[in-house]
Amino acid sequence: MCHLPEPLHLSFYHQPTLQLAQSLLGKLLLKETKEGVAGGLIVETEGYIGPGDRAAHSFNHRRTKRTEIMFGEAGYTYTYSMHTHCLFNVVSGQIDAPEAVLIRGVEPYIGQELMEPRRPKAKKKREWTNGPGKLTKALGITMDDYGHALNQRPLWIAPGRSVDVSEIAAGPRIGIGNAGEAKDYPWRFWIRDNAFVSR
DNA sequence: CGGTTGATGTCCT
DNA sequence: GGACATCAACCGG
């Protein structure tokens with residue numbers, strides 16, 4: 001790659017979380033490792049708005065080692081591990097407002113030759129990155145990226161392509177069945193008809 | 001210090 | 001459509 005896509009300024013992240021979740025659709029998420037740069041267009045996101053959101057890790061102001069970064073400035077990386085996987089979030093909201101956007105699906109765009117060997121279990125290309133745990137593996141995002149500012153290498157977000165509002169669909173978030181009334185909030189957003197949306 | 005728990009992925013029927 | 005792997009973080013004691 002002669003010149004890499006330029007990172008968005010941190011001011012981009014200073015918008016309401018649900019609006020940011022939609023603004024992130026079509027943006028390009030990039031990760032540089034010693035093997036090179038891999039990147040994908042974001043096609044699916046979810047907003048998590050603690051402390052009032054039962055599905056958020058920061059529900060009820062729960063401030064722990066894991067959620068600490070969510071209480072800081074927008075535009076930083078919140079990675080967390082569940083089972084054997086690592087999930088990637090973008091911190092949003094004001095200081096002390098623990099909010100974040102989970103990235104659930106990306107469309108491979110740069111460094112696809114790096115992604116394929118990282119996803120040996122995937123039989124089809126769409127299985128490389130059509131899920132929150134899958135895309136982190138394909139891009140090489142790990143817990144080491146926790147707390148990283150997204151306006152610089154080795155992990156950053158660039159403009160990508162523009163997405164019209166008519167392409168955006170919304171619905172309930174996935175995998176939060178025990179979150180009480182919050183499970184029905186339509187805080188999941190995706191690009192309609194895109195093959196790399198998780199479901 | 002041990003028991004519980006997932007914002008999931010993969011394999012099996 | 002359902003079981004289960006597998007582990008860091010969290011929480012109660």
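Just so it is clear, the structure is predicted and the values come from calculations on it, not from any experiment. In what follows, every chain begins at residue 1, and chains take the letters A, B, ... in the order their sequences are listed.
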* **Atom pair distance, as rounded to whole Å: CZ in Arg199(A) and P in dA7(B)** => 13 Å
* Name the nucleic acid region contacted by Ile176(A), choosing base, sugar-phosphate or nothing; use a 4.0 angstrom heavy-atom cut-off, strictly under. => sugar-phosphate
* Could you tell me whether Arg119(A) contacts a base, only the sugar-phosphate backbone, or nothing, with contacts defined as non-hydrogen atoms closer than 4.0 Å? => sugar-phosphate
* To do: Nearest whole angstrom, please: distance from the P of dA7(B) to the NZ of Lys183(A).
  => 15 Å
* Once you round it to whole Å, what is the distance between P of dT8(B) and NZ of Lys134(A)? -> 11 Å
* Structure fact -> From CG of Asn178(A) across to P of dT8(B) the rounded distance in Å is 11 Å
* Tell me, yes or no, whether the heavy-atom count around Phe12(A) atom CZ, taken from other residues, nucleotides or ligands under 6.0 Å, exceeds 12. => yes
* Is there a donor and acceptor pair, one atom on the side chain of His57(A) and one on the base of dA7(B), closer than 3.5 Å? -> yes
* Is the number of heavy atoms from other residues, nucleotides or ligands under 6.0 Å of Asp164(A) CG greater than 12? -> yes
* Structure fact -> Looking only at dT10(B), dG9(B), dG6(B), the nucleotide nearest the Met82(A) side chain is dG6(B)
* Pick the nucleotide of DNA chain C nearest each of Thr84(A) and Lys65(A); which residue has the one closer to the 5' end? -> Thr84(A)
* **Between dC10(C) (P) and Glu68(A) (CD): distance, integer Å** => 11 Å
* Check every atom of dG9(B), dG6(B), dA7(B) against the side chain of Tyr48(A) and return the nucleotide holding the closest atom. => dA7(B)
* Test: Arg126(A) cationic atom under 6.0 Å from Trp128(A) six-membered ring centre, within 45° of axis -> no
* Asked: Can Tyr80(A) be called stacked on dA7(B) when the rule is centres closer than 5.5 Å and an angle between planes below 30°?
  -> no
* Write down the distance between CG (Leu87(A)) and C1' (dC7(C)), rounded to a whole number of angstrom. => 14 Å
* To do: Please work out if Arg66(A) contacts a base, only the sugar-phosphate, or nothing of the nucleic acid, heavy-atom cut-off 4.0 Å.
  => sugar-phosphate
* Please list, chain by chain and in numerical order, all residues satisfying side chain to side chain contact (heavy atoms under 4.5 Å, CB included) with Asp53(A), sequence neighbours excluded. => Tyr48(A), Ala55(A), Ala56(A), Arg173(A), Ala182(A), Trp187(A)
* **Distance in angstrom units between Lys124(A) NZ and dT10(B) P, rounded** => 13 Å
* For the pair made of CE in Met70(A) and P in dC10(C), what is the distance, rounded to whole Å? -> 12 Å
* Would you mind telling me which of dA7(B), dA8(C), dT10(B) lies closest to the side-chain atoms of Arg104(A)? => dA7(B)
* **Base of dG9(B) and ring of His83(A) stacked, centres under 5.5 Å, planes under 30°** => no
* Is it the case that more than 12 heavy atoms not belonging to Gln152(A) sit under 6.0 Å from its CD atom? -> yes
